[in-house]
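Since the structure is predicted, the reported quantities are computational estimates derived from the model, not experimental observations.
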Amino acid sequence: MRSSLLAIAATLALSACASDGADTPPATASASTPAAVEPSIDTMKRLVQTLSSDAYEGRAPGSPGEEKTMALLAAEFGKLGLKPGNKGSWFQDVPLVEINAKNVSALSFSGGKGAVAAAYGPEMVVGTYRTTQPKIAIKDSPVVFVGYGINAPEKGWNDYAGVDVKGKTVVILVNDPDYETQGLTGPFNGRAMTYYGRWTYKFEEAARQGAAAAIIVHDTVPAAYGWNVVQSSWTGAQHVADSADGNAGQSQAIGWIQKDKAAALFASAGLDLTAQMAAAKKAGFKAVPLSGVKASVSFDNDLRKHMSKNVVALLPGKTRPDEYVLYSAHWDHLGRCQAAPDGDDICNGAVDNATGTAALIALAQANVKAGPTDRSQVFLAVTAEESGLLGSAYYGNNPVFPFAKTVGGVNMDALSVAGLAKNVVVIGKGKSQLDAYLGRALTAQGRVATLEPTPEKGYYYRSDHFSFAKHGLPMLYFEGGEDLVQGGTAAGMAAAEDYTKNRYHGPKDEYDPNWDWTGVLADLKLYYAVGRDLATSADWPNWVEGDEFRGIRDRDRAGQ
């Protein structure tokens, strides 16, 4: 897994401009017109309201909310006449470990000009990937600033060069060194985040380097979200993929620290954080030990192994049932989380991602009404996306339907309820021939596909399509655009900012009967048209020439 991620990170370009190969339909593209069946907004409203109700407790994996979600999804797919997709079962077991940190001490730094302590919650968060250690205790661990924490040999960049961090605490910056670049060129694609910029990579690399603890400095702009999101996401029960060795190769402690506390830490070592951040952006940066400063933190872990579930529903094809089109969305959210000022501590996840989960059922319903297609259609609701794409990663490593026989598909995550937009934003536009299928559907609606307005947020690595792309499967992932019919780009961007600031990963992501569903319906029609087109054609869309996933797909298809 690690080696494949490094290979992906080496060349991934989130905002690659569309090429002729991506926008031109395959030579044998189907000219068939998708059946004129409209996905039901009434179905969407009913299911989103139910899934995001307090009764489902935020749909955390391994909770009573999961049990209710599983029962609902199986019942809904069953009523439509779909088949259980996993050898007669609706479910694919996904082994997880729930880790709940208790008795968390402050993250304290001693040995400098003055002691610095960051309190758990408001000033730092901490946890572990290790699944067999009921107590973590980091004591007097030497502290090293490793810049962006990147080791990218193909780019001639190694923030760990010349320093041994085994048993030490590394402090890391979020995003890529060139994230402030306005264009999309630079050693790390400029403004467009690469996988090296994601916090998941930074913890992975710190572990490879042998660090005892890895702490990322939170900075709102390069992180793309405020501390409230970090705090709500990293406190309470966390879920980690189970493994035979209990993830013994991971750092003992991983977490985040507020930027002002990091500045105090650096000052205690006689360093200026701003100056060190500027130095870390330049090639040839050398890691900086914080002379004499040592870190300590401890916490207990309540550990519980449990079997979470992906939901797999099948709509069999009529002439080529052993070829598959995949629709995916994650059903999980955060469960109970950091309480809002009014005491509400349920992160309901209405937009993220009750909308995508409901869309799976609405699309299945529409396809049943339209009649079977030549190819089979698979509706996959995955678990633990919020914990690091764990459910989709498990399916990727253990596919129910072989990827060599899966044509491609669409992923749905947080549909926009801000109203109808003139555009859709394609995450990874220009990477695969699926752009052509979307292009035909958009033309029929009089809408257009655009590049991401905020490529620095790294959305390509933040939803489940990434888990399938790593295995070579072309997946289309788009979001409702920011250029709203009512209010234009200003209104669209304001709505997105308001959601990120006030509802994203918080207790106020709740169902609202006043939502504008016109954009959701338009986008559902796109998903339906693309899926129907794939399921009725004989084409096998691929990644464009030169894309990092092309070789995987070609080898998979050649060896089918």
Side-chain angles (χ1 to χ4, degrees), residues 18-41 44 315 324-329 355-356 358-360 362-371 373-375 377-379 407-416 419-452 463 465 473-485 517-544:
S19 68
D20 291 341
D23 287 336
T24 303
T28 58
S30 169
S32 62
T33 301
V37 172
E38 185 171 288
S40 170
I41 286 298
M44 288 289 299
L315 185 56
Y324 307 95
V325 174
L326 179 66
Y327 303 80
S328 64
T355 56
L360 284 176
L363 290 169
Q365 180 184 50
N367 276 285
V368 168
K369 288 182 179 179
T373 51
D374 296 315
R375 289 166 163 159
Q377 298 180 75
V378 178
F379 299 86
V407 180
V410 295
N411 180 56
M412 297 169 288
D413 194 348
L415 278 65
S416 173
L420 180 62
K422 302 173 188 175
N423 67 316
V424 297
V425 174
V426 181
I427 312 301
K429 187 177 188 295
K431 292 181 67 61
S432 86
Q433 293 170 341
L434 290 179
D435 283 8
Y437 292 77
L438 177 61
R440 290 193 287 270
L442 283 166
T443 297
Q445 288 190 358
R447 302 168 74 197
V448 297
T450 57
L451 294 167
E452 299 167 74
S463 195
H465 62 282
L473 183 66
M475 290 290 293
L476 182 66
Y477 174 42
F478 66 85
E479 298 177 342
E482 77 288 351
D483 188 5
L484 299 182
V485 171
W517 291 88
T518 54
V520 172
L521 178 59
D523 291 349
L524 278 177
K525 289 179 180 179
L526 295 175
Y527 289 120
Y528 175 80
V530 169
R532 195 84 183 171
D533 200 356
L534 285 169
T536 56
S537 79
D539 300 326
W540 286 87
N542 206 337
W543 305 93
V544 300

Of V424, V448, D435, the residue whose pairing with L442 passes side-chain contact (heavy atoms from CB on, under 4.5 Å): V424
If I compare all heavy atoms of [X] with all of [Y], which pair ends up nearest, and what's the gap?
X    : Y    : value
M412 : A359 : SD-CB, 3.7 Å
S328 : N411 : OG-OD1, 2.8 Å
L434 : P541 : CD2-CG, 3.8 Å
Q365 : S40  : OE1-CB, 3.4 Å
A529 : A441 : CB-CB, 3.8 Å
W540 : V407 : CZ3-CA, 3.6 Å

Acceptor/donor pairs from residues 519-527 side chains to any protein atom, 3.5 angstrom cut, sequence neighbours excluded:
from : atom 1 : to   : atom 2 : distance (Å)
D523 : OD1    : R447 : NH1    : 3.1
D523 : OD1    : R447 : NH2    : 3.1
K525 : NZ     : E38  : OE1    : 3.1
Y527 : OH     : F478 : O      : 3.1

Judged by atom type as modelled, is there a donor-acceptor pair below 3.5 Å linking the side chain of E452 to the main-chain atoms of I427? no
Excluding sequence neighbours, so at least two apart, what forms side-chain contact (heavy atoms from CB on, under 4.5 Å) with A364? F77, L80, L82, F379
Could you measure the distance from the [atom1] atom of [X] to the [atom2] atom of [Y]? Nearest 0.5 Å is fine.
X    : Y    : atom1 : atom2 : answer
M44  : L415 : CE    : CG    : 5.5 Å
R532 : R375 : CZ    : CZ    : 13.5 Å
S432 : L438 : OG    : CG    : 10.0 Å
N367 : L315 : CG    : CG    : 6.0 Å
Y437 : L476 : OH    : CG    : 11.5 Å
D413 : E479 : CG    : CD    : 7.5 Å

Test V378 against Y327 for side chain to side chain contact (heavy atoms under 4.5 Å, CB included), laying out the working first. CA-CA 6 Å; V378 178; Y327 303 80; over 6 Å; no
